[in-house]
There are 2 protein chains.
Amino acid sequence: MSSAVSGERVTIYDVAQAARVSTATASKALNDTGRVSLETRDRIKRVARELGFRPNSLARSLTRKRSFSVGLLTNDTYGRFTLPLMAGISEGLIDHGVSVFLCAIGDNPDLARIHVDAMLDKQVDGIIATGKRIDRPLPVDLTHLSVPVVYALTAGPSNGVTLVPDDRQGAGAAVRHLLAQGRRRIVHVTGPCEFDVVHERALACTQALAEAEAATEAKVLFGSWSEHWGHQAVEALWSGADKPDGIFCGNDQIARGVVDALRERGVSVPGDVSVVGFDNWEIVAKETRPPLTTVDMNLKELGRQAGLALMRLVNGEAVETGVWKLPCSLIVRSS
Amino acid sequence: MSSAVSGERVTIYDVAQAARVSTATASKALNDTGRVSLETRDRIKRVARELGFRPNSLARSLTRKRSFSVGLLTNDTYGRFTLPLMAGISEGLIDHGVSVFLCAIGDNPDLARIHVDAMLDKQVDGIIATGKRIDRPLPVDLTHLSVPVVYALTAGPSNGVTLVPDDRQGAGAAVRHLLAQGRRRIVHVTGPCEFDVVHERALACTQALAEAEAATEAKVLFGSWSEHWGHQAVEALWSGADKPDGIFCGNDQIARGVVDALRERGVSVPGDVSVVGFDNWEIVAKETRPPLTTVDMNLKELGRQAGLALMRLVNGEAVETGVWKLPCSLIVRSS
DNA sequence: TCGATTTGAGAAACCGGTTTCTCAAATGGA
DNA sequence: TCCATTTGAGAAACCGGTTTCTCAAATCGA
């Protein structure tokens, strides 16, 4: 416990001297490797503890050729997806003594290149690439790096490891929830059709409805990812005949717009119409009146898995390539 | 350009050999230090470029005792404040070749300790502490570390360097904007009174109103940081006499609630009442109908400054201690 | 009891750079 | 022309660890 405020850091040399052994023996004792008697080993460990010895990670990395740090490259400026992911990665890796360099590269290829080079110079053991769109790659090529790369929430090469939420399963759960509420006239109000996830989710809607024999094809309205579009969609739907009794929205902001618009029209949620969102962006979903039932992509868990997958690659273990789809969870609130 | 796909990394030894000099000379040439003839220097640099030499940052750090990496400790799980800050720090430091380790520690002191130790083992040059509340410290003591620490958006020790937005100036600008719109019956709807910033901003309101001789004291309603509170506040205000014609809100979510509630009551914004928010959380502010005029805390710039201040400390330069208040900007939209 | 094997520990090389110190050659001044 | 100074470059030590190799002492088997 002592350790004292000895200005300078305690090195393994100090420990060796205090324990009257060579640095070689000290190193072996502390790492539980090599031939050292139990007695000596314990003594060295005790001395190290007393001196408050903490090995210099840089020196260790130099010989071990493992820096115990990884890089996280992100595209996402708001941090809405990145921070939960980051938290998961960090949580999964801290047990391995691994720290995470975060680089916000925006959409700037030059900046991305600079950051990637900086990471490689710092000898990161691997890189996790993440973005805000699953169907778009980052503005930098990571395929010929000397370190393994894992892709999360962004497009990766087909022979790489890519982790994404299972949009289809999530959307299916949302629609089945609406069906379970007795809703039959279900509409999907979603984002721009340029997004792959939009199609995935629409497809899942159709499948879920078909399974329940509620409809042969889901009615889908494409728009933008905004609250404003939620309002517009309700206006369009309620100006026609055949008004829906269940609405599944492409994200929580659209759902928020939909719920607000319905309330303004005097339509009761969930009395007359049930609404389900997507993302479980708590700050939106919980503040909606009534609080929004929505799909959570379990980004933290996804981050954890991405981190662990990267570690396996770093350790040379086999990892199944391709796209891993991780399950989403339905968060049932009052809408 | 060649460099080839030579599997292994190019070391300074390779460069030295190719240029027919010693590693000592190579190092001096590449770093523009020591005694080397211009001719030799150029040749070595050219060879290094041709071979695609990139110095191993770990090895360099070991001798230089500078790792060119810093740690960012954060409390904020949503990342709403952290990511803009992070982007600013990163932007300010990448020119210095410095990378940032991000650690999300939540409110867990043990986790915080583990992360701090991990950073120190990795020989970070310094640490930036950030949180979601300016009047609360992180759950870990950073005062006796061997590396300099800068605090941003979180409470630091009085002899430390702390950067925060100038809430008073920002709030003053907001109120003066309302006054300039011809508003005189101004109310401040804000968060819980346990927050220091709440008082700072309230005080600034009073001052601004006093300067304009519009009132001797600002009317302030304390509540929570939610949209819901915005609704409640409007209900309370409109059920009494003396309805306001200008509302300055403690954050954009409250403002959002206020604007929605006013619209539901048929009160025109900005026709009858002007509303100003705080935070410029674009995803809320831009989606409000009408788009919200609000105060931006310039977090990215704050991050940049924090990073640069830390660098100065690392380089042993003098840095003024105490609380630095950085200016906020009023973002004028339609409310 | 004696040679063969195992054990414990240290010397030294190494990782990939930086830096100090040394020294021969080139230059300068008288 | 001769000595003092400057210049350019390399040898070697170093940063703080890890790892291989060596070797004397202890243990083992016959």
Side-chain angles (χ1 to χ4, degrees), chain A residues 6-45 47-48 51-69 97 118 120-125 146, chain B residues 6-45 47-48 51-69 97 118 120-125 146:
Chain A
S6 56
E8 291 312 306
R9 253 186 105 101
V10 177
T11 72
I12 200 170
Y13 182 77
D14 300 326
V15 174
Q17 220 171 21
R20 309 201 161 282
V21 294
S22 69
T23 61
T25 306
S27 175
K28 283 183 285 193
L30 294 170
N31 291 299
D32 283 327
T33 58
R35 288 167 158 5
V36 183
S37 74
L38 189 62
E39 198 182 6
T40 314
R41 208 178 278 278
D42 285 347
R43 176 162 48 90
I44 293 172
K45 282 184 178 174
V47 168
L51 259 48
F53 170 66
R54 306 227 43 162
N56 181 327
S57 196
L58 258 36
R60 167 177 287 175
S61 299
L62 195 54
T63 42
R64 290 230 183 132
K65 296 185 177 309
R66 281 275 268 107
S67 68
F68 294 92
S69 60
L120 294 176
D121 291 348
K122 296 207 167 73
Q123 312 290 116
V124 289
D125 298 332
S146 49
Chain B
S6 56
E8 292 312 307
R9 254 186 105 99
V10 178
T11 71
I12 200 170
Y13 182 77
D14 300 327
V15 174
Q17 220 170 22
R20 308 201 162 281
V21 293
S22 68
T23 60
T25 306
S27 175
K28 284 182 285 193
L30 294 170
N31 291 298
D32 283 328
T33 58
R35 288 169 156 9
V36 183
S37 74
L38 189 62
E39 197 182 8
T40 315
R41 209 179 276 278
D42 285 347
R43 176 162 47 89
I44 294 173
K45 282 184 178 174
V47 169
L51 258 48
F53 169 67
R54 307 227 42 162
N56 181 328
S57 195
L58 258 37
R60 167 178 288 178
S61 299
L62 196 54
T63 43
R64 290 229 184 133
K65 296 186 177 309
R66 279 276 269 109
S67 67
F68 294 92
S69 59
L120 293 178
D121 290 349
K122 295 206 167 75
Q123 313 291 116
V124 289
D125 298 332
S146 49

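Note that the coordinates shown come from a computational prediction; the quantities given were computed from them, not determined experimentally. The sequence lines fix the lettering, A, B, ..., with proteins before strands; numbering per chain opens at 1.
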- For DNA chain C, what residues of residues 55-64 of chain A have any heavy atom nearer than 4.0 Å?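 Contacting residues: A/Leu62, A/Thr63.
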
- Query: So which pairs with a foot in residues 16-26 of chain A pass salt bridge (Lys or Arg N to Asp or Glu O under 4.0 Å), sequence neighbours left out?
  - Reply: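 Every pair satisfying salt bridge (Lys or Arg N to Asp or Glu O under 4.0 Å) with a residue in residues 16-26 of chain A: there are none.
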
- Item | Residue pairs involving residues 25-34 of chain B (criterion salt bridge (Lys or Arg N to Asp or Glu O under 4.0 Å); sequence neighbours excluded) |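 Found B/Asp32-B/Arg41, B/Asp32-B/Lys45.
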
- Between A/Ser22 and B/Leu30, just flag the one whose closest nucleotide in DNA chain C comes earlier from the 5' side.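 With A/Ser22 and B/Leu30 compared, the 5'-side residue is A/Ser22.
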
- Task: Locate the shortest heavy-atom distance separating B/Phe53 from B/Val10; write the atom from each residue and the value.
- Result: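 That would be CD1-O, 3.4 Å.
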
- Message: Could you tell me the boundaries of the chain B footprint on DNA chain D, defined by atoms under 4.0 Å from its heavy atoms?
- Response: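 Taking any atom under 4.0 Å from a heavy atom of chain B, the span is D/dT7 to D/dG16.
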
Students often get this wrong, so: under 4.0 angstrom with heavy atoms, is [X] touching a base, only sugar-phosphate, or nothing?
X: A/Lys28; result: base
X: B/Arg20; result: sugar-phosphate
X: A/Thr11; result: sugar-phosphate

- Query: Under the salt bridge (charged side-chain N to carboxylate O under 4.0 Å, His left out) test, which residues partner B/Asp121, sequence neighbours left out?
  - Reply: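 So B/Asp121 forms a salt bridge (charged side-chain N to carboxylate O under 4.0 Å, His left out) with A/Arg9, A/Arg54.
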
Using the side chain to side chain contact (heavy atoms under 4.5 Å, CB included) criterion, which residues pair with [X]? Sequence neighbours excluded.
X: A/Thr63; value: none
X: A/Ser67; value: A/Ser61, A/Ser69, A/Gln123, A/Asp125, B/Leu58
X: B/Ala18; value: B/Val47, B/Leu51
X: B/Asn31; value: B/Ser27, B/Thr33, B/Arg60, B/Arg64

- Message: Side chains of B/Asn56 and A/Leu62, heavy atoms from C-beta outward: is any pair under 4.5 Å?
- Response: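 B/Asn56 vs A/Leu62: side chains touch.
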
- Query: What parts of residues 35-45 of chain B reach DNA chain D, counting only heavy atoms under 4.0 Å away?
  - Reply: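 Output list: B/Arg35, B/Val36, B/Ser37, B/Thr40.
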
- Message: Restricting to side chain to side chain donor-acceptor pair (under 3.5 Å), what partner residues turn up for A/Ser22, sequence neighbours left out?
- Response: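 A/Ser22: side chain to side chain donor-acceptor pair (under 3.5 Å) contacts with A/Thr25.
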
- Query: Rounded to the nearest 0.5 Å, how far apart are OG1 of A/Thr40 and CD1 of A/Ile44?
  - Reply: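 Result: 6.0 Å between the selected atoms.
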
- At what angle, to 10 degrees, do the two end axes of the helix from C/dT1-D/dA30 to C/dA30-D/dT1 meet, given five pairs define each axis?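 It comes to 40° between the two terminal axes.
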
